[in-house]
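Below is one structure, written out as structure tokens, with a few remarks after it.
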Amino acid sequence: MEMKDLLMGFGQKLGKAILLPVAILPVAGLLLGVSSALSGQAVIDTYPVLGNTVLQAILQIMNAAGSGVFNALPLIFAVGIAIGLAKKEKGPAALAAVVGYFVLIITINSLLTITGDIAPPDADPRAFGQGSQFGVLTLQMGVFGGILTGIVTGFIHNRFYNIKLPEMLAFFGGSRFVPIVNTFVFLIVGAMMYIIWPFIGSGIASFGEFATGLGTLGSFLYGLMLRTLYLFGLHHVFYLPFWTTAAGGTLEVGGQVYEGFQTIFLAQLSDPETTKFFGNLALFNSGRYLHMMFGMLGIVFAMYKAIPAGPKRKATAGFLLSVGLTAFVTGVTEPISFALLFASPILFAAEAILFALSFVLASLANITIGSTFSAGLVEFLLFGVFQGNDKTNFLWAILLGIPVAIVYYFVFKFLILKLNAKTPGRDDEEVTEQESAHQASHADGQAKTIIEGLGGFENITEIDNCATRLRVSVVKPDKINASLLKQTGAMNTVVRGKAIQVIYGPKVNIIRGEIDDYIQGNNVKHL
């Protein structure tokens with residue numbers, strides 16, 4: 001049980017840490033998407049005004065900038081994950097990750113050279129499983145190498161950032177010691193990866209071939225697993241290999257081989273020769289548009305119609321309209337999903353199954369719309385409509401989206417009424433004006449109440465947050481007071497062993513700041 005708790009806690013930390021480098025992807029996608037959409041010859045022929053020399057020069061610069069971010073993703077992931085995993089002194093952790101990554105690829109390059117395994121100058125390095133990274137010919141680990149570097153650096157940093165050395169060496173103590181240690185650690189890691197990476201790379205490729213080989217069934221299983229892990233906040237860890245490694249497919253674009261459907265998609269955005277986006281987007285990505293843009297609207301309307309006609313329906317309509325439009329425009333669905341989960345786990349299970357079936361529909365219709373952040377209207381226009389139907393089959397998404405919304409509506413209205421689920425507006429308790437005001441604006445002294453609800457300082461071993469959740473590791477889960485936490489505005493408290501998630505929504509960053517100030521004010525050393 002202890003090992004299970006440790007693994008769950010680390011999985012949550014890694015999922016949160018991955019969000020920082022993943023947040024860079026929309027930047028690269030936006031630059032590549034806009035420049036690609038407005039510089040294609042077909043678009044210029046249709047709208048001659050876009051052929052302006054200055055405009056095309058600007059678009060070319062945007063494309064180069066997006067490609068630069070995209071090509072640096074391994075290092076970006078190394079730095080971002082190290083920052084996310086570091087408890088304190090995050091700046092030195094980032095520097096240590098940079099040092100570690102370059103030592104990693106240079107060590108592998110040296111071993112390839114010494115053993116004579118390095119690809120000859122006149123040969124294609126891809127045939128040897130090698131590629132150039134920042135001018136260094138090394139094993140083609142891609143983003144995986146960056147993820148590994150970030151994780152190892154996070155462990156090393158948290159172990160040594162506060163080390164005290166003898167007075168003569170005191171200058172090299174503390175956080176300065178971490179990049180030094182990382183240099184030697186990654187000499188060893190580089191040597192290990194030189195030996196084992198060929199086997200790992202082969203295994204990842206085989207897994208991807210297996211999932212892709214299942215075709216439509218593979219898309220269903222992928223979607224079901226993705227949405228189920230969303231419940232535990234571990235979905236980022238699951239989808240990343242499909243995004244960035246051979247598990248998501250392999251394709252040559254512009255004379256270079258790319259791995260992972262997301263990596264391939266970004267490469268195709270900047271490739272003028274692309275006539276159809278990568279087929280694995282239909283298997284592992286495009287179904288999100290059917291679910292988030294259309295299915296969620298059906299769920300929201302079902303919630304609305306399931307509320308008895310009267311003041312409560314009117315009072316809840318604004319909230320439901322808001323979360324529905326948010327899902328449609330931006331693809332952010334957490335408020336709806338958690339409302340279903342809190343009302344009944346069966347409703348969340350139904351959403352997960354329909355989510356997976358949306359992937360099946362996208363696969364059957366061969367809809368190949370990419371994405372970077374989520375799957376709402378903004379990205380649908382940018383990566384679907386503006387890229388043209390020949391590349392994406394976006395018209396099928398619209399045609400299928402309407403019946404999808406209708407099916408979602410009838411399924412969820414039936415389940416909500418059958419289960420008598422307490423979805424928004426159907427709760428037995430009236431929300432007082434005081435409670436509404438408390439959740440809208442956090443009062444002074446709330447951090448103290450939150451700490452009390454978590455069992456006090458002595459019960460907390462670590463505290464962090466992601467986009468919507470306060471993530472806390474505790475000594476004794478039975479000391480958690482969910483009722484007290486709810487008084488501070490928490491939507492719900494999820495207890496998974498010693499890993500606690502208190503869900504506050506988008507305002508969690510403000511709450512985390514108040515807690516940090518309270519911890520510092522009380523001089524709590526272990527936090």
Side-chain angles (χ1 to χ4, degrees), residues 21 28 64 67-82 95-153 156 179-209 240-264 266-268 270-271:
S67 297
V69 173
F70 163 62
N71 291 331
L73 281 181
L75 183 59
I76 290 171
F77 270 84
V79 173
I81 290 175
L95 175 61
V98 173
V99 172
Y101 182 74
F102 278 101
V103 171
L104 172 68
I105 62 175
I106 291 170
T107 298
I108 294 174
N109 171 270
S110 298
L111 288 170
L112 290 170
T113 303
I114 293 168
T115 58
D117 292 333
I118 196 81
D122 57 345
D124 187 344
R126 294 170 294 178
F128 297 81
Q130 299 168 22
S132 180
Q133 193 69 51
F134 296 102
V136 179
L137 189 59
T138 185
L139 290 176
Q140 193 66 45
M141 294 186 292
V143 173
F144 182 89
I147 295 172
L148 175 66
T149 301
I151 292 173
V152 173
T153 300
I156 297 296
I180 298 172
V181 174
N182 238 27
T183 302
F184 294 99
V185 167
F186 276 91
L187 283 170
I188 300 171
V189 173
M192 292 172 60
M193 294 309 294
Y194 165 75
I195 297 171
I196 66 176
W197 175 254
F199 300 100
I200 296 176
S202 176
I204 292 174
S206 299
F207 174 69
E209 289 175 5
L240 198 65
F242 285 86
W243 274 29
T244 59
T245 75
T250 303
L251 189 71
E252 181 177 328
V253 182
Q256 184 173 344
V257 173
Y258 295 92
E259 296 180 343
F261 71 79
Q262 177 73 356
T263 306
I264 293 168
L266 291 174
Q268 288 185 317
S270 59
D271 178 32

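Just so you know, residue 1 is the first one in the sequence shown, and it goes up from there.
- The aromatic rings of F144 and W197 sit tilted, their planes meeting at an angle between 30° and 60°.
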Checklist entry - Given F186 and Y101, is the side chain to side chain contact (heavy atoms under 4.5 Å, CB included) satisfied, shown in steps? => result CA-CA 8 Å; F186 276 91; Y101 182 74; over 6 Å; no
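- For N71, there are no side-chain hydrogen bond (donor to acceptor under 3.5 Å, both in side chains) partners two or more places apart in sequence or in a different chain.
- Take Y258 and apply the side-chain hydrogen bond (donor to acceptor under 3.5 Å, both in side chains) test, not counting sequence neighbours, and it matches Q256.
- Residue L104 forms a side-chain contact (heavy atoms from CB on, under 4.5 Å) with just one option from T149, V99, V136, and that option is T149.
- Taking 4.5 Å as the limit, every side-chain heavy atom of I264 sits out of range of all side-chain heavy atoms of E259.
- Between L137 and P125, the closest side-chain pair of non-hydrogen atoms falls below 4.5 Å.
- In this structure, N109 and I105 have side chains that are not in contact, with every pair of non-hydrogen atoms separated by 4.5 Å or more.
- By the 4.5 Å heavy-atom criterion applied to side chains, L139 and M193 are not counted as neighbours.
- When the side-chain hydrogen bond (donor to acceptor under 3.5 Å, both in side chains) test is applied to T153, the partners found at least two apart in sequence or on another chain are N182.
- In this structure, the side chains of V257 and Q140 stay at 4.5 Å or more apart for every pair of heavy atoms.
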Next on the checklist: Set out, in order, the CA-CA distance, both residues' side-chain angles and the distance that settles side chain to side chain contact (heavy atoms under 4.5 Å, CB included) for L112 and Y194, then state yes or no.
Outcome noted: CA-CA 8 Å; L112 290 170; Y194 165 75; 3.6 Å; yes
Next on the checklist: Run F134 and F102 through ring pair (Phe, Tyr, Trp, His ring centres under 6.0 Å) and show every step you take.
Outcome noted: CA-CA 9 Å; F134 296 102; F102 278 101; 5.5 Å; yes
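- Each of T245, I147, I108, L148 was evaluated against M141; a single residue qualifies, I108, per the side-chain contact (heavy atoms from CB on, under 4.5 Å) test.
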